[in-house]
Protein chains: 2
Amino acid sequence: MTANAARADTRPSPRKRAGNGAARPNDANEIGLDALVGHAGYAVRRFQIWIFQDFIKTLGDVDIRPTQYSVLTVIGANPGLSQMAVAKRLGIERARLVHLLDSLEQRKYVKRIKSKADRRSHALHLTAQGETALAKFKRLAAEHERHVEAKIGKENREQLLQILAGFT
Amino acid sequence: MTANAARADTRPSPRKRAGNGAARPNDANEIGLDALVGHAGYAVRRFQIWIFQDFIKTLGDVDIRPTQYSVLTVIGANPGLSQMAVAKRLGIERARLVHLLDSLEQRKYVKRIKSKADRRSHALHLTAQGETALAKFKRLAAEHERHVEAKIGKENREQLLQILAGFT
DNA sequence: GAAAGTTTGTTGTTGACGACAACAATTGTC
DNA sequence: GACAATTGTTGTCGTCAACAACAAACTTTC
């Protein structure tokens, strides 16, 4: 589907809600944000919510959320990593990664193999099923990325990636 | 995609950490992200986490979180708004706003005044205490914004704001 | 080589947050 | 007046970050 934001601005006739004591503006997006405009964090938060929702919807058929996708991607690119290494690389709590891996292992995408070098840790690998699945996820993720392009523009997206490259 | 990538048992991968010294704390920066680089959502998520943490820390003394700050700012700029209007403007669930306002009202920053025009709704106002407090919050938020500038650069921050202006 | 300290994976708790569902009171509509 | 819609509220559910505590395994130190 083409994620075309239906720009059908059904502009309602300006009704009024009188006598609120001090202010009356209550319609549509006439409400000012004041200091909020100019705060990078606010814009980034709203954008991140939008982008995650699109990701979740685009990968809805395969039931993969952004965090799960990031875990699978890192394991696929670096097989044999420990849970600690993956957690540190992705900035996830290792406690949280436990549940993520429980789920991914239950779905036969990931294996926890006891490391012989360090018997505390697990070497993480994709299963064969996990590899083919990840390939499909990557195609869908690329589709989601095209939605982002359509939303903010091709060169804006690339500028964004460049600006935020230090956080990956 | 890169669907090949031999995946043999505990075979040490060619590039990543040699020697397989599992216990050695390998640099997290050596671990490749593969497809994750190039995903706007991932970069944005990491950035947003950083920016929120800095905001929370910078406004730590006054114990104000980003969402609370956004609510106070909007009410301050548009006194008399209903809860529904604030929620819609900020993209917050009105159910969630209830708890936010409970907290802010308990701290004497916000008043819920029963609207006479529509006895279902409340007109939201800052208290006198809330106004002076918000002024302080804004100064701290500006300081936080300078941290962002220092992190990604002055013109990069402005480009970011421009790119994401549509989401505010 | 044993005691002490650290790391890894795990379990659990807490709190912020988004998404829903249901409800009473009130309003608008027909 | 009957009926639908809106507003604030309460509640549940699931995601997510942040800690705390623990056993097992490893490292350091004497």
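Numbered from 1 within each chain, the chains take letters A, B, ... in sequence-line order. Just so you know, these numbers come straight off a predicted model, no measurement behind them.
- Counting non-hydrogen atoms under 4.0 angstrom, Ile49(B) reaches the backbone sugars and phosphates but no base.
- Using a 4.0 Å cut-off, some side-chain N or O of Arg45(B) falls inside it from OP1 or OP2 of dA17(D).
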Where protein sits on nucleotides 21-30 of chain C, one letter per nucleotide: B base, S sugar-phosphate only, - none, heavy atoms under 4.0 Å: -B--BBS---

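- The side chain of His99(B) sits closest to dT10(D) out of dG8(D), dT10(D), dG9(C).
- When the side-chain nitrogen and oxygen atoms of Thr67(B) are compared with OP1 and OP2 of dC17(C), one or more of them lie within a distance under 4.0 Å.
- Looking at Glu105(B) and Arg112(B), a side-chain N of the basic residue comes within less than 4.0 Å of a carboxylate O on the acidic one, giving a salt bridge.
- No salt bridge links Arg139(A) with Glu143(A); every basic N to acidic carboxylate O contact stays at or beyond 4.0 Å.
- When the C1' atom of dC16(D) is taken as reference, atom CD of Gln48(B) falls 11 Å away, rounded to whole Å.
- The local environment of CD in Gln162(A) is sparse, with at most 12 non-hydrogen atoms from other residues, nucleotides or ligands closer than 6.0 Å.
- Heavy-atom distances to DNA chain D give each of Ile92(A) and Asp102(B) a nearest nucleotide, and the one nearer the 5′ end belongs to Asp102(B).
- Of the candidate nucleotides dG18(C), dT9(D), dC17(C), dT9(D) has the atom lying nearest to any side-chain atom of Arg112(B).
- The aromatic ring centroids of Tyr69(B) and His39(A) lie less than 6.0 Å from each other.
- Out of dG18(C), dA19(C), dT15(D), the shortest distance to the side chain of Gln53(A) is found at dA19(C).
- Note on ring orientation: taking the six-membered ring where Trp is involved, the planes of Phe47(B) and Trp50(B) are parallel (angle under 30°, cut-offs 30° and 60°).
- Spacing between atom CG of Leu101(A) and atom P of dC16(D) amounts to 13 Å, rounded to whole angstrom units.
- Each of dC17(C), dT8(C), dT10(C) was ranked by its minimum atom distance to the side chain of Arg65(B); first place goes to dC17(C).
- At a cut-off of 3.5 Å, with distance as the only test, a side-chain donor of Tyr42(A) or Arg46(A) sits close to an acceptor on the other residue.
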